[in-house]
Amino acid sequence: MSDIVQRVAKLNEPQQQAVKSDARHLLVLAGAGSGKTSVLTHRMAWLIESGQAAPHGTLAVTFTNKAAREMRLRLEELLPSSPHGMWIGTFHGIAHRLLKAHWRAAKLPENFQVMDSDDQHRLVKRIINELGLKDDLLDSRKVQWFINGQKDEGIRAQFVTNSYSQQDKLFKQIYMAYEALCQRTGMVDFGELLLRAHELWLNNPPVLAFYQQQFQQVLVDEFQDTNSVQYAWLRVLCGDQVKLTVVGDDDQSIYGWRGAKVENIQQIQQDYPDTELVRLEQNYRSTGTILEAANAVIDNNTDRLGKELWTAGDKGDPIKLYAAFNEIDEARYIADSIESLLDQGTNASDIALLYRSNAQSRVLEEALIHLQIPYRIYGGVRFYERQEVRNLLSYLRLVASRNDDAAFERVVNVPARGIGAKSLENIRIVARDQGSSLWDAVTFMLQNGGLKGKAAGAVAAFQLLINELDEASEDMELSELCKLAIEASGLEAHYDKEGKEKAIARKENMQEVVNASKNYETNTEGLPPLMAFLSEASLDAGDAQADVDEDSIHLMTLHSAKGLEFIQVFMAGLEENLFPHRMSMDSSTGLAEERRLCYVGITRARENLTLSYAETRRLFGSETRNRPSRFIQEIPEELVDSVRPTLKTTSTFASGNYGSSNSYRSSKGGFSARNSDMGNALSEHESLSLGSRVRHPMFGEGVIVSASGQGANVAVTVAFEGEGVKELMLQYAKLEVI
DNA sequence: AAGATAGTCGTTTTT
DNA sequence: CGACTATCTT
């Protein structure tokens, strides 16, 4: 106890108030870098050490697995003994745990399986087909989006508001069929986990009472990210006994698109008028300059709860801004900068490279590889989303649950064993007609001669394979079962045949699954190891599996960067249409959320922040020109140091694509953006600048639209009239200025 | 039935 | 550009 008292004494005044509060409901509004996680973990330790909560009576909810792991780690440092029995996890993870424990009360099969969004999308497509609704106008992804949106709001198919719109009626019809199929095959999607967990409380008073008895303290991190169901679930759980602490920051609400409701912060004060409010506004993370920039940007949003971060620290270095010719130039600049940081002795792990969308990572990676800078990507194509990993897991899922249709469809013919589209279609029809899973349909068809010779044999062999794996699993460790599945399924031979680099990587990844499974051979909270492993695979992206040892820089989206901090931060791609992203630009709420995302990005930096944008960017196969992001302009000029000064220019930025030289226009007006300064690439070639008209002996006349490289390696992109866009090395191309 | 090839299409963020 | 589909050839 004395230990924690001493530690708490080191916190600042409002932090201590939050940690020690004995209010029944506590709302902590915590700005970026104000010690939010620290307050949360200290409070948990405080509550336990002071006897206000038993370890197993403490429930802490986070949004990401990373955050949950981090919290556990920090608690281990604070508590004399490891936090045994505490409930720490994501909303989804905790919902899953509850449903596994109370599957009967939740009206689920004991071996229900969790679907990820890819499984879900396939299922939606299948239903659209089966209902005979396949139509170019019906976008399966929109349907998926719709279903998830309804579930986020806690609305089951039958309660979807009736609408006269033809589309809404269709959506509702598909949702109904989807719900029925999931129930029939024991499949649960992400939204369903939360919805069921909520219904578990509502429909089973004894179960609810049990947990209300068990939990004395519930704590929620990143509360601004809770959606309607999560909030409802919390409210029911807390009843009029359990104490609730929530921590959040309305300025960091970046998941509105996924149903998150910032309003929950106000809602909780309405629902519980006695809620104690503590604000944490002192920032301990960033320099004065970085903080000022962040404040200036977020100040452009209206409807904020109001909060101004301040720091007692130094102003620090100015923010760097690099205006790149194109995305390759941008990547090169960033990689060069990182290299010199490393040369100066910065740890790679103190450097982060952030971007708006995953698609941006490839070019950046290439530049890093070129300079042999070790990096690690979070997110992107996640480990458990890789094709070979999913295939392997599908075999295991079938072992765990024969009714797992998603897994069945995925691997019944992978590797190819002669069960083609026709056979599968027949199986689907039987399954639909008798309302069974695909597996049961096959069993039925085999008994009744519903499948013809070749396909019948192949399907029977497949069933036998799964059954044998199941039997074998009885007396071997999980990792051995994985190994056996790789061999017996034929996946190993399948990828062996490809024999290329890719195939080798695939086999390595399958081996990685074997390794990962070893962690689940013991200590699985009462679940059978296979079950525990599979649900973890669905609920956790598997980021933790990547090589943790090497000191490497971090690459990730701005979204995944939330909650983290780095000494050096690079934010790439600050261009209109990319950041803010074009998909969120047509509404003021969308734009405000992009701005909060920018705020999140800026506040990740402790000492140095480098922003960059590219004047032209190759995206979706064609060259695009975008203006610098409005967020750049929102940062006070005096805080920014332009690496390549922006001058008035003769060119303008077209807002859309342009493919030929015709659409490249010169104009006097508009935005200030550099290009005639010629920066690194063109400065030695005095007569050339972006926008220069040139003549090539072969291609004729054209306009220079971008340039990159240095010294002898300057490359220019020229839009030739009639010949299209070409990239030329300046030292070889015989270009003549007109 | 399976593989190869051509052609189309849509492109954010994540548990 | 690349993931997915439709169509072809074997």
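All values below were derived from every heavy atom in this structure, side-chain atoms included, with hydrogens, water molecules and symmetry-related copies excluded. In what follows, chains carry the letters A, B, and so on, assigned in the order in which the sequence lines appear, proteins first and then strands, with residues in each chain numbered from 1.
- For the salt bridge (charged side-chain N to carboxylate O under 4.0 Å, His left out) test, residues two or more places apart in sequence or in another chain that qualify with A:D251 are A:R304, A:K307.
- Of the residues in residues 411-418 of chain A, those placing a heavy atom less than 4.0 Å from an atom of DNA chain B are A:N413, A:A416, A:R417, A:G418, in numerical order.
- Atom-to-atom, CG of A:L597 to C1' of B:dT14 comes out at 12 Å; the value is rounded to the nearest Å.
- Backbone-only contact: A:N358 has heavy atoms under 4.0 Å from sugar-phosphate atoms and none from a base.
- Side-chain N or O atoms of A:Q224 include none that pairs as donor or acceptor with a backbone N or O of A:I265 at under 3.5 Å.
- Projected onto DNA chain B by closest heavy-atom contact, A:S538 and A:R356 fall at different nucleotides, the more 5' of which corresponds to A:R356.
- In the 5' to 3' direction, nucleotides of DNA chain C lying under 4.0 Å from heavy atoms of chain A begin and end at C:dC1 to C:dT5.
- Look at CG on A:L99: it is 19 Å from P on B:dT15, rounded to the nearest Å.
- Judged by distance alone, the side chain of A:N65 and the main-chain N or O of A:L539 form a donor-acceptor pair under 3.5 Å.
- Of the possible donor and acceptor atoms, none in the side chain of A:S560 sits under 3.5 Å from a partner among the backbone N and O of A:M556.
- Side chain of A:R417 to backbone of A:V412: a donor-acceptor contact under 3.5 angstrom is found.
- If you take atom P in C:dC4 and the same atom in B:dT13, they sit 15 Å apart, rounded to whole Å.
- For B:dT12, the OP1/OP2 oxygens have no side-chain nitrogen or oxygen of A:S584 closer than 4.0 Å.
- With respect to the salt-bridge test (charged N to carboxylate O, under 4.0 angstrom), the residues A:R596 and A:E593 qualify.
- For A:R258 and A:Y255, the positive end sits near the middle of the six-membered ring, less than 6.0 Å away and at most 45° from its axis.
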